[in-house]
Each structure stands twice: as C-alpha cells, then as structure tokens.
Peer 1: 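I have a structure here, written as structure tokens, and I will follow up with some questions on it.
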Amino acid sequence: MGRGRVQLKRIENKINRQVTFSKRRSGLLKKAHEISVLCDADVALIVFSTKGKLFEFSSDSCMERILERYERYSYAERQLAAGEIEQNGSWTLEHAKLKARMEVLQRNQRHYMGEDLENLSLRELQNLEQQLDSALKHIRSKRNQLMFESISELQKKDKALQEQNNVLAKKLKEREKEKDVVQQAQQNNCQDSSSMLLPQPMQSLNIRGTYEASSNGREDEANAAAAHPNSNVLLPPWMIRPC
C-alpha cells in the first residue's frame, strides 16, 4: 500500500516542525546543487527559518553576482511589462542598470578594503576571503612570472657579455703572439747583421800579420848579406856601404 498524500499545512507541533524543516532544507539544498551541476544552471537559494536564521546556496562562488543578475532581469521585465520601452525609457533602464552595477561594485570594493563588514554573514565572509586568496594567488603568480622573465633576460645578457669577453681575450692573445713574433724577427735580424760585420777586423789583422812577416824576412836577408860580404848575391846599391 502506497504512502498517502500529505496535506500541506502548517505543522503545529514545534519539534515536528523543526525536524521537518531540517529534513526538507537538506533535500532542497541537495536538489539545488543537483540541478546546478546536471543542467549547468545558475542557482541561488535563500531560506530563513522561523528564528530568522539564514540558509543559502549559490552555484556561483558569489551570491551577489546572481542577485545582481536577478535585479537587472527583474527590473527589465517590469519595464517591459509596463510597456515603457521607448527611447527615454531605454535610457532610464540603462541608467538604472548602470547605477545598480555601480552600487554593487562600490560595495564589493569596500568589502575588499575591509570596510562595511558588519552586515555580512559568515558564509559571505568566507566567500570574500576565498576571492581575496584567489586574487593574491593570481598576483603572486604574475609577479613570479615577471621575476623569472627578468632573471632569464639578465642571464642571457650575462652570457652574451661573457662570450664577448672571451672573444676580446682571444684577440688580445693573438696580438701578443704577433708582437712576440715581430720582436723575435727583429732580434734575429740584429744577430745576422752583427755576424756579417765580424770578418772585416779579422782580415785587417791577417794583412797586418803578413806585412810584418814580409818586413821581418827582408831584415833577415839584409843581416845575412852583411855577414857574408863575399857571397855572390847581388845586392842593391843602397845596401852597399863604402869601407
């Protein structure tokens, strides 16, 4: 036998009413999550208990975005239903949309600056903290990327300077080698020129020695002739002295 249809009316028993509220609330939140995942829909659920306690669910990370979207669409639908789609009406609608958006942005900016947080619930504060953490992670990631790019650029410049320094050092060594070769060639030329000038004094010495030898021979012949006057050697007149 199937379960009978439950008549929808207020539960008078306070305990039963609280138990039913807890069960139906959990089922409602579950269904809202399922429809947001299965159908890729933006779902926002707001529930206030009899004691004024807030229970909410949003498929987006921020409930305010969905509420802002709802306000824009509901306002546009009201304007369309009223038949006020005219030129002035369109400007009024656009003005209202921009005004509502500006108010939301200003409120979010105050929240990001840590202001006007008194009216926020615990869930809203947690969402705000998550948004700030996500923004900080994005900023740190961008900063690290820029630092890595700067370091890489400096490393490339350092490598280029090292290569340029190596090329200059190589050229300097080649010039020093060429200078040494030139100096060695000059020294060799000086040695060759000095060796070519050495035989001339030796020749003068040989000529002098020959001249002295010939002079000594003539003196010996003169002495021999004086010792033997009766020899048949013919003497020149200037060597004959009268007795």
Peer 1: Decide yes or no for Q183 and D180: does some side-chain heavy atom of the first lie under 4.5 Å from some side-chain heavy atom of the second?
Peer 2: yes

Peer 1: Q109 and E115: side chain to side chain contact (heavy atoms under 4.5 Å, CB included), yes or no, with the steps?
Peer 2: CA-CA 9 Å; Q109 184 179 5; E115 301 174 357; over 6 Å; no

Peer 1: Please check if the side chain of S141 supplies one atom and the backbone of K137 the other of a donor-acceptor pair under 3.5 Å.
Peer 2: no

Peer 1: Quick check for you: to the nearest 0.5 Å, what is the distance between E176 atom CD and E178 atom CD?
Peer 2: 11.0 Å

Peer 1: Which distance, rounded to the nearest 0.5 Å, do you find between the CE of M63 and the CG of N127?
Peer 2: 8.5 Å

Peer 1: Could you check whether atom CD of E34 has more than 12 heavy atoms from other residues, nucleotides or ligands sitting under 6.0 Å from it?
Peer 2: yes

Peer 1: Are more than 12 heavy atoms from other residues, nucleotides or ligands located less than 6.0 Å from atom CG of L136?
Peer 2: yes

Peer 1: Quick one: does E103's side chain have a donor or acceptor within less than 3.5 Å of a partner on A100's backbone?
Peer 2: no

Peer 1: Under the ring pair (Phe, Tyr, Trp, His ring centres under 6.0 Å) rule, collect the residues that match up with F55, sequence neighbours excluded.
Peer 2: F21

Peer 1: Return yes if some donor-acceptor pair links the side-chain N/O of N144 with the main-chain N/O of R140 below 3.5 Å, else return no.
Peer 2: yes

Peer 1: Nearest heavy-atom pair of V43 and I66: which atoms, and what distance?
Peer 2: O-CD1, 3.6 Å

Peer 1: Pick from R10, K14, K9: which one makes a side chain to side chain donor-acceptor pair (under 3.5 Å) with E12?
Peer 2: R10

Peer 1: Step by step, would you call V167 with K171 a side chain to side chain contact (heavy atoms under 4.5 Å, CB included)?
Peer 2: CA-CA 6 Å; V167 171; K171 290 182 178 180; 3.9 Å; yes

Peer 1: For V104, is there any backbone N or O sitting under 3.5 Å from a side-chain donor or acceptor partner on N108?
Peer 2: yes

Peer 1: Look up atom CD in E153 and atom CG in D158, then write down how far apart they are to the nearest 0.5 Å.
Peer 2: 12.0 Å

Peer 1: Atom CD of Q126 and atom CG of L122: how far apart are they, to the nearest 0.5 Å?
Peer 2: 4.0 Å

Peer 1: Partners of R69 by salt bridge (charged side-chain N to carboxylate O under 4.0 Å, His left out), sequence neighbours excluded?
Peer 2: D42

Peer 1: Verify, without hydrogens or angle tests, whether S26 (side chain) and S22 (backbone) share a donor-acceptor contact under 3.5 angstrom.
Peer 2: yes

Peer 1: Would you say CG of L28 has more than 12 non-hydrogen atoms from neighbouring residues, nucleotides or ligands within 6.0 angstrom?
Peer 2: yes

Peer 1: How close do A41 and S59 get, counting heavy atoms only, and between which atoms?
Peer 2: O-OG, 3.5 Å

Peer 1: To check you understand the geometry: which heavy-atom pair defines the closest contact between E68 and R101, and what is its length?
Peer 2: OE2-NH1, 3.3 Å

Peer 1: Given side chain to side chain contact (heavy atoms under 4.5 Å, CB included), test Q18 with S49 step by step and report yes or no.
Peer 2: CA-CA 9 Å; Q18 184 64 31; S49 65; over 6 Å; no

Peer 1: Is the number of heavy atoms from other residues, nucleotides or ligands within 6.0 Å of CG (D40) greater than 12?
Peer 2: no

Peer 1: I want to check something: taking the side chain as every heavy atom from C-beta on, are K170 and N166 in contact at a cut-off of under 4.5 Å?
Peer 2: no

Peer 1: For Q164, does the CD atom have more than 12 heavy-atom neighbours from other residues, nucleotides or ligands under 6.0 Å away?
Peer 2: no

Peer 1: Could you state the interatomic distance from CD (Q186) to CG (N189), rounded to the nearest 0.5 Å?
Peer 2: 7.5 Å

Peer 1: Should we count CD of E129 as having more than 12 external heavy atoms under 6.0 Å?
Peer 2: no

Peer 1: Which value, rounded to the nearest 0.5 Å, describes the distance between K31 atom NZ and F57 atom CZ?
Peer 2: 13.0 Å

Peer 1: Quick check: are there more than 12 heavy atoms from other residues, nucleotides or ligands sitting under 6.0 Å from CE of M113?
Peer 2: no

Peer 1: Is a donor on one side and an acceptor on the other found under 3.5 Å between the side chain of R17 and the backbone of I11?
Peer 2: yes

